[in-house]
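Only one structure is covered here, and it is reproduced in the block below.
We use all heavy atoms of the structure for the numbers below, so side chains are in, but hydrogens, waters and symmetry mates are not.
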Amino acid sequence: MNLNQENRKPVENSRREKLKKEKPLVYEKIIKYIDKEAKGESTAMIDLCFDYVCNMKCTHCSNLSLTKKDRVLTIDDLKDFSRQADEMGLAQFTISGGEPLVFTNLDEIIKALNPEKFHIGMSTNGLLLDEAKAKHLKSIGLDKVKISLDSIDEAVYMETRGQAKSYQKAVQALFAAKDAGLQVCVQTVISHQNARTEATEKLAKFCQENEFNMDIMVAKAVGRWEGKEEVLIDEEDAEYLLQLRNKYPLVNRDVFPTYGRNNGGCVAVKKNLHLTKYGDILPCGFIHISIGNIFEEPLKDIIQRGLSIKHFKEYNPVCLSGEDRNFIHKYMSKFYGKLLPIHWSEVFTEEDFITK
């Protein structure tokens, strides 16, 4: 993968030094990631959804058709989950939803995750994030916000978000978070239709000029786009995004290497997991296949199962859920039209597991 890593090193190193100063226990775990990856262990950032309540209805939302269960996450569950993750040497959580800023117990959630031992991010649409809220969240242990902004063009943004004044609020939230000392990411969805466009480069330039990461989430044929493979990026789109990263070093995709290391590729299980409101662990937030439930077995056992599935253990240079047509056709199609997530045994057979 031809990426200009040298251009990113000053920013990444600066952030690591900031982390070392603010959260030394987290830093100690992060610097051990190279050894953990070399051993084939997971270094997953865990995206956790405490609730699905939201104040927007976006066209690409993937939180649909989830099976409602009586048992849901509690604050005590998060405390125990944090303990298990810490014992495994994991160091990163991202709070997602829904929209976390409408959670009435967001402060309790952050506290339960043990901010001293974890780098904690939050995915938000930014509608409720003003300067006072940003400073408060920073003071109780939040480190990073990922604010959804699908385009720097307000008219394009409104096509997917469709809520009055949401564009202005999202942009204002970016600067409020930056002023509060939070790491700021613009989280944007890139599809085949908008990948190679002037608007995408304008957004990348805006992020670079304001020192915001631009985190690209490639479109997935799930949720409201279930089965709509026309939204998936192709090889030319992927190459364009690669060149965009070379031109604007703060552009990032989960398959791109970080910190100058050759550690790119699909992140499912190896570097990313998703915890649902109902305790299910997914390989990523878009592969709606449960590889285990934390109410039934330890996190360690669930991750071990995930890494025994060859599609998640073995290196894949592209995103399984957003680019790998073979994986999408053979495995993801099995959950189309069903209540989600489906159990791993409904998808994978003996041939999908690594045998020693």
Quiz prompt | Qualifying residues under salt bridge (charged side-chain N to carboxylate O under 4.0 Å, His left out), relative to Lys144, sequence neighbours excluded | solution =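 Not a single residue meets the salt bridge (charged side-chain N to carboxylate O under 4.0 Å, His left out) criterion with Lys144.
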Assess, by modelled atom type and distance only, whether the side chains of [X] and [Y] contain a donor and an acceptor separated by less than 3.5 Å.
{"X": "Asn316", "Y": "Asp324", "result": "yes"}
{"X": "Gln172", "Y": "Gln168", "result": "no"}
{"X": "Asp352", "Y": "Tyr331", "result": "yes"}
{"X": "Asn293", "Y": "Asp280", "result": "yes"}
{"X": "Glu17", "Y": "Asn13", "result": "no"}
{"X": "Asn194", "Y": "Thr197", "result": "no"}

Is it the case that over 12 heavy atoms from other parts of the model lie below 6.0 angstrom from the [atom1] atom of [X]?
{"X": "Lys300", "atom1": "NZ", "value": "no"}
{"X": "Lys205", "atom1": "NZ", "value": "no"}
{"X": "Lys334", "atom1": "NZ", "value": "yes"}
{"X": "Gln193", "atom1": "CD", "value": "yes"}
{"X": "Lys32", "atom1": "NZ", "value": "no"}
{"X": "Glu297", "atom1": "CD", "value": "yes"}
{"X": "Lys310", "atom1": "NZ", "value": "yes"}

Practice problem: For Glu198 and Lys202, run salt bridge (Lys or Arg N to Asp or Glu O under 4.0 Å): C-alpha distance rounded to whole Å, both residues' side-chain angles, the deciding distance at 0.1 Å, then the answer. | Solution: CA-CA 6 Å; Glu198 181 181 354; Lys202 284 173 63 178; 5.3 Å; no
Gap between atom [atom2] of [Y] and atom [atom1] of [X] - 0.5 Å precision:
{"X": "Leu19", "Y": "Leu25", "atom1": "CG", "atom2": "CG", "result": "10.0 Å"}
{"X": "Phe212", "Y": "Leu203", "atom1": "CZ", "atom2": "CG", "result": "11.0 Å"}
{"X": "Arg16", "Y": "Ile31", "atom1": "CZ", "atom2": "CD1", "result": "8.5 Å"}
{"X": "Asp153", "Y": "Tyr167", "atom1": "CG", "atom2": "OH", "result": "7.5 Å"}
{"X": "Ile120", "Y": "Ile95", "atom1": "CD1", "atom2": "CD1", "result": "6.0 Å"}
{"X": "Lys220", "Y": "Trp225", "atom1": "NZ", "atom2": "CH2", "result": "10.0 Å"}

Quiz prompt | Evaluation steps, side chain to side chain donor-acceptor pair (under 3.5 Å), between Asp47 and Ser96 | solution = CA-CA 7 Å; Asp47 178 73; Ser96 65; 3.0 Å; yes
Is any side-chain heavy atom of [Y] closer than 4.5 Å to one of [X]?
{"X": "Asn213", "Y": "Gln208", "result": "no"}
{"X": "Ser321", "Y": "Cys284", "result": "yes"}
{"X": "Ile303", "Y": "Leu90", "result": "yes"}
{"X": "Thr188", "Y": "Met214", "result": "yes"}
{"X": "Asp215", "Y": "Lys146", "result": "yes"}
{"X": "Ile291", "Y": "Pro283", "result": "yes"}
{"X": "Asp237", "Y": "Asp234", "result": "yes"}
{"X": "Asn114", "Y": "Asp86", "result": "no"}

Quick one: does any side-chain atom of [X] pair with a main-chain N or O of [Y] as donor and acceptor, under 3.5 Å?
{"X": "Tyr33", "Y": "Ala91", "answer": "yes"}
{"X": "Lys23", "Y": "Pro115", "answer": "yes"}
{"X": "Lys178", "Y": "Asn210", "answer": "yes"}
{"X": "Asp77", "Y": "Thr74", "answer": "yes"}
{"X": "Ser42", "Y": "Val269", "answer": "yes"}
{"X": "Arg325", "Y": "Glu323", "answer": "yes"}
{"X": "Tyr27", "Y": "Lys18", "answer": "no"}

Under 4.5 Å between side-chain heavy atoms, hopping through other hydrophobics if needed: is there a path connecting [X] to [Y]?
{"X": "Phe103", "Y": "Leu129", "value": "yes"}
{"X": "Ile281", "Y": "Leu307", "value": "yes"}
{"X": "Val231", "Y": "Phe335", "value": "yes"}
{"X": "Val218", "Y": "Val267", "value": "no"}
{"X": "Val318", "Y": "Ile309", "value": "no"}

On a heavy-atom basis, which atom in [X] and which in [Y] lie closest, and how many Å separate them?
{"X": "Ile233", "Y": "Ser191", "result": "CG2-C, 3.9 Å"}
{"X": "Gly285", "Y": "Asn272", "result": "N-OD1, 4.3 Å"}
{"X": "Leu250", "Y": "Cys207", "result": "CD1-O, 4.2 Å"}
{"X": "Gly265", "Y": "Tyr315", "result": "CA-CE1, 3.8 Å"}
{"X": "Trp344", "Y": "Gly292", "result": "CD1-N, 4.5 Å"}
{"X": "Glu226", "Y": "Gly337", "result": "OE2-N, 2.8 Å"}

Practice problem: Indicate yes or no: does Lys133 engage Asp130 in a salt bridge with an N to O separation below 4.0 Å. | Solution: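 Salt bridge flag = no for Asp130 with Lys133.
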Quiz item: Do Phe206 and Tyr248 have ring centroids that are under 6.0 Å from one another?
Solution: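 For Tyr248 and Phe206, the ring centres are not under 6.0 Å apart.
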Quiz item: Hey, does the Lys NZ or Arg CZ of Arg196 hover above the aromatic six-ring of Tyr240, less than 6.0 Å from the centre and inside 45° of the axis?
Solution: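 Because its charged atom misses either the 6.0 Å distance or the 45° angle limit, Arg196 does not stack over Tyr240.
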Practice problem: Identify whether NZ of Lys or CZ of Arg in Lys29 sits under 6.0 Å from the centre of the six-membered ring of Phe118 and within 45° of that ring's axis. | Solution: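 Cation-pi check for Lys29 and Phe118: passes.
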Quiz item: Step by step, would you call Asn125 with Glu99 a side chain to side chain donor-acceptor pair (under 3.5 Å)?
Solution: CA-CA 7 Å; Asn125 55 39; Glu99 170 51 51; 3.3 Å; yes
Practice problem: Decide yes or no on side-chain contact (heavy atoms from CB on, under 4.5 Å) for Tyr52 and Thr276, but give the supporting numbers first. | Solution: CA-CA 9 Å; Tyr52 296 106; Thr276 75; 3.3 Å; yes
Quiz item: How are the rings of Phe327 and Phe312 set relative to one another: parallel (under 30°), tilted (30 to 60°) or perpendicular (over 60°)?
Solution: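 It falls in the perpendicular class, over 60°.
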Sequence neighbours excluded and cut-off under 3.5 Å, please list the side-chain donor-acceptor pairs for residues 134-142, or say none.
unit_1	atom_1	unit_2	atom_2	d
Lys135	NZ	Glu131	OE2	3.1
His136	NE2	Asp107	OD1	3.3
His136	NE2	Asp107	OD2	2.7
Lys138	NZ	Glu22	OE1	3.0
Ser139	OG	His136	O	2.5

